[in-house]
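Take a look at the structure below.
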2 protein chains.
Amino acid sequence: MQKNIQCIIHTMNKPEKEVTIYDIAKKLNISAATVSRGLQDRAGTNKDTKKRILDAAAEMGYHSNSFASKLRNKRSNIIGVIVPRLNSVFMSQVIAGIEKEVSNANFTLIISQSLENMKKEAGSAAAMYSNRVDGLLVSLAYDTKSIEHFENFIKRGTPVVFFDRVYEDKKHAAIYIDNYKAAYEVTTHLIEQGCKRIVHLTGNQMQNVYADRFKGYKQALTDHQIPFNEDMVIISGLSSADGAIAAEQILKMKPLPDGVFAANDQCVISCMQVLKKEGLKIPEDIAVAGFNNDPVSCIIEPNLTTINYKGYEMGQVAAKLLMELMYKKGAHSAENVVLNYELIIRESSLRNGKKS
Amino acid sequence: MQKNIQCIIHTMNKPEKEVTIYDIAKKLNISAATVSRGLQDRAGTNKDTKKRILDAAAEMGYHSNSFASKLRNKRSNIIGVIVPRLNSVFMSQVIAGIEKEVSNANFTLIISQSLENMKKEAGSAAAMYSNRVDGLLVSLAYDTKSIEHFENFIKRGTPVVFFDRVYEDKKHAAIYIDNYKAAYEVTTHLIEQGCKRIVHLTGNQMQNVYADRFKGYKQALTDHQIPFNEDMVIISGLSSADGAIAAEQILKMKPLPDGVFAANDQCVISCMQVLKKEGLKIPEDIAVAGFNNDPVSCIIEPNLTTINYKGYEMGQVAAKLLMELMYKKGAHSAENVVLNYELIIRESSLRNGKKS
DNA sequence: CTGTTAGCGCTTTCAG
DNA sequence: CTGAAAGCGCTAACAG
């Protein structure tokens, strides 16, 4: 009696017993090895047996236990992704692109966000390592200075591909756009529109993306004989709130600047809103350009001149490169891919008719 | 000589041999079981031995092989997420919220998107099952009519929580907002602003979110003695492109409608842009309201009246509920959580001064 | 507190 | 084409 009750409790708390290849084997009076072979696509099994195996599996509700097979095979079929934040327009595009490619190739995707914190990034990396990912895609956190937390992977022969926020040595595979050149073009465009006092809103200079955009801005000024003025560079976190603060700073500058080039759209859009509220005319009083081509950039009035740079595509390219590296593993090459971008000129910067 | 070369090739192609607890055990002259215990946080190991184990592990670059431990423990510590699309503002918020909670609790997150396709959704579910997820979070695809592809999980005692796009039987745990009530409030607000001919832009009526919003709209009309007119309901995919098309249809209606209530912001924003371009004044000629509080809703001019409904929070709540269900597993309860929303009134609908 | 032992479910030689 | 057997790395009784 006592025993019976225990048994019931036992049944209640434990999930139903898993169906294994042994169960199928027993039912069909064959060996587990044959079942295993039959379940795979490879040749080397009698067609008929194979069919019987497949049918029995379906009927019994068999689902391969991926842990057992991964343990055995030493391949996880998992790709890990670590990004600074998941809730940004750009990143969600990238992730969608990655998911597309990766799931087409029948890999599983595990994702985590560093929240711009190197400690958490390292923690995620360790978790990914324990999960024995076959490859890793990383966009670095705001404050990541070294990448030693990824060295394990490289030692172990697991490829790591950085994208967008990449690490600047030439030893690791990386995907990015030419931020320097893009910023140079935007700034030149503003200059051609007659701007002479151009403010630059930028972010943490430890990061390639912001540092390169800053350099492009600076060089464009120099090449057009416009003196660079450090006071016209505003470094912040580039959030919406930072944009509003930047606007206040701009309004206090004397003489008033006649152009703004920001390293992202989100920030400059709220900056524009404040400038407009304070009575400035865009682009007549002050021309504006951003970076990223966020959806908002063609909603705000006037529409924002910006750099278009396709996140979805970047995700796809990164995933493809990673998978390529996975197949020729061991050779940890440092291929870099520079993607195209596009300068989109809209009203916010157009002071001389239509051409740039 | 020959042998040597082979050896080199061998070393090149294979990843370095994994460090296992046996290696640590051998080095320390203790048993693997002790190492295993030492590595865990549990009591029952000599402090000193534990320290030696930890040190050796760090020194040797040991990383627990999660597959072996998962195979043994029959717990994966993995939570699966299936959503229609990853690249939407709302979903990326939800995912960020989920990631936050889940990673706090030391779970791994695996993510896939159904691309609004039930077949792919079922495929993802099967992959999740093979990965033996401990719990599953799902927002259903556009064309998902039945949820039998999730029955395995339930049979096996793995909790499944639906969110936002939920399944309408009361047997499964679900998180959502009261779409009916929210739509009722928006519509009532438009009526109170003097609208009498209100167009409704909506999506697939198989989905709870759109069907409920439609019902709320209809009921509000009825309760205010406004006749419901089927011709004023436009069903589409609710994309930006669909919004522009809807605008064209609206412009052809006679007499011209004086209000638009859309089941999402994205769609109604491009609709507004077309209406504005055609010379209509918002809200004077036609008042507009949306749903979701996308970032664009406070950039467009006039700012858009909408329903705010926090994706990040929904993600957190869904993850927490799931984890709760995981702990009391076996009892597959069907707890439903109805989250709050907020009607945000902005200029796009304000025709009578400030109050609603 | 520590060691011995068995086994999670699967794959893969190696023989037949 | 199929079966027997070993083992991937880890953990949990159980016994000491």
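In what follows, chains carry the letters A, B, and so on, assigned in the order in which the sequence lines appear, proteins first and then strands, with residues in each chain numbered from 1.
- A close approach under 4.0 Å does not occur between any side-chain nitrogen or oxygen of B:T49 and OP1 or OP2 of C:dC1.
- With rounding to whole Å, A:L71 atom CG is found 4 Å from D:dC8 atom C1'.
- Checked against C:dT11, D:dG9, D:dC10, the side chain of B:Y22 finds its nearest nucleotide in D:dC10.
- Under the 3.5 Å distance criterion, the side-chain polar atoms of B:N73 are left unmatched by any main-chain donor or acceptor of B:R75.
- Side-chain N or O atoms of A:E121 include none that pairs as donor or acceptor with a backbone N or O of A:L140 at under 3.5 Å.
- The distance between atom CD1 of B:I30 and atom C1' of D:dC10, rounded to the nearest whole Å, is 15 Å.
- Listed nucleotides: D:dC14, D:dG9, D:dT11. Nearest to the side chain of B:R37: D:dC14.
- One atom, CG of A:L28, and another, P of D:dT2, lie 11 Å apart when rounded to the nearest Å.
- Residue A:K26 contributes atom NZ, which lies 16 Å from atom C1' of C:dC10 at whole-angstrom precision.
- If you take CD1 of A:I21 and C1' of D:dA4, they are 13 Å apart, rounded to a whole angstrom.
- Taken from CE in A:M128 to OG in B:S66, the straight-line distance is 11.5 Å, to the nearest 0.5 Å.
- With values rounded to the nearest 0.5 angstrom, A:D134 atom CG is found 12.5 Å from A:L325 atom CG.
- For A:T20, counting side-chain heavy atoms from C-beta on, the closest listed nucleotide (C:dT11, C:dG9, D:dT11) is C:dG9.
- Neither side chain, A:N65 nor B:K70, offers a donor N or O lying under 3.5 Å from an acceptor on the other.
- Below 30°, between 30° and 60°, or above 60°: for A:H63 and B:Y129 the angle between ring planes is between 30° and 60°, a tilted geometry.
- Atom-to-atom, CZ of A:R75 to C1' of D:dC8 comes out at 16 Å; the value is rounded to the nearest Å.
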Applying ring-ring contact (aromatic ring centres under 6.0 Å, His included) to B:Y167 and B:F150, what does each step give before you reach the verdict?
CA-CA 11 Å; B:Y167 194 69; B:F150 298 114; 9.3 Å; no
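- What separates CG of A:D23 from P of C:dC8 is a distance of 11 Å, to the nearest Å.
- Taking five base pairs at each end of the helix from C:dC1-D:dG16 to C:dG16-D:dC1, the local helix axes there meet at an angle of 30°, rounded to 10°.
- Distance from the side chain of B:K74 is smallest for C:dC8 among the nucleotides D:dT2, C:dT12, C:dC8.
- Listed nucleotides C:dG3, C:dT11, D:dG9 differ in distance to B:R72; the shortest reach to its side chain belongs to D:dG9.
- Nearest to the side-chain atoms of A:N73 among the listed nucleotides D:dT2, C:dG3, C:dT11 stands C:dT11.
- For D:dT11, one of the phosphate oxygens OP1 or OP2 lies less than 4.0 angstrom from a side-chain nitrogen or oxygen of B:S36.
- With hydrogens and angles disregarded, no donor-acceptor distance shorter than 3.5 Å links the side chain of A:S139 to the backbone of A:V83.
- Proximity of A:T34 to the phosphate of D:dG3: a side-chain N or O atom is located under 4.0 Å from OP1 or OP2.
- Following rounding to the nearest Å, B:N131 (CG) and C:dC10 (P) show an atom-to-atom distance of 14 Å.
- Taking 4.5 Å as the limit, some side-chain heavy atom of B:K27 sits within range of a side-chain heavy atom of B:E59.
- Less than 4.0 Å separates DNA chain C from at least one heavy atom of each of the following residues of residues 60-70 of chain A: A:Y62, A:S64, A:N65, A:A68, A:S69.
- In this structure, the separation between CG on B:L39 and CD1 on B:I24 is 5.5 Å, given to the nearest 0.5 Å.
- Across C:dG3, D:dA12, D:dT2, the shortest atom-to-atom separation from the side chain of B:Q40 is found for D:dA12.
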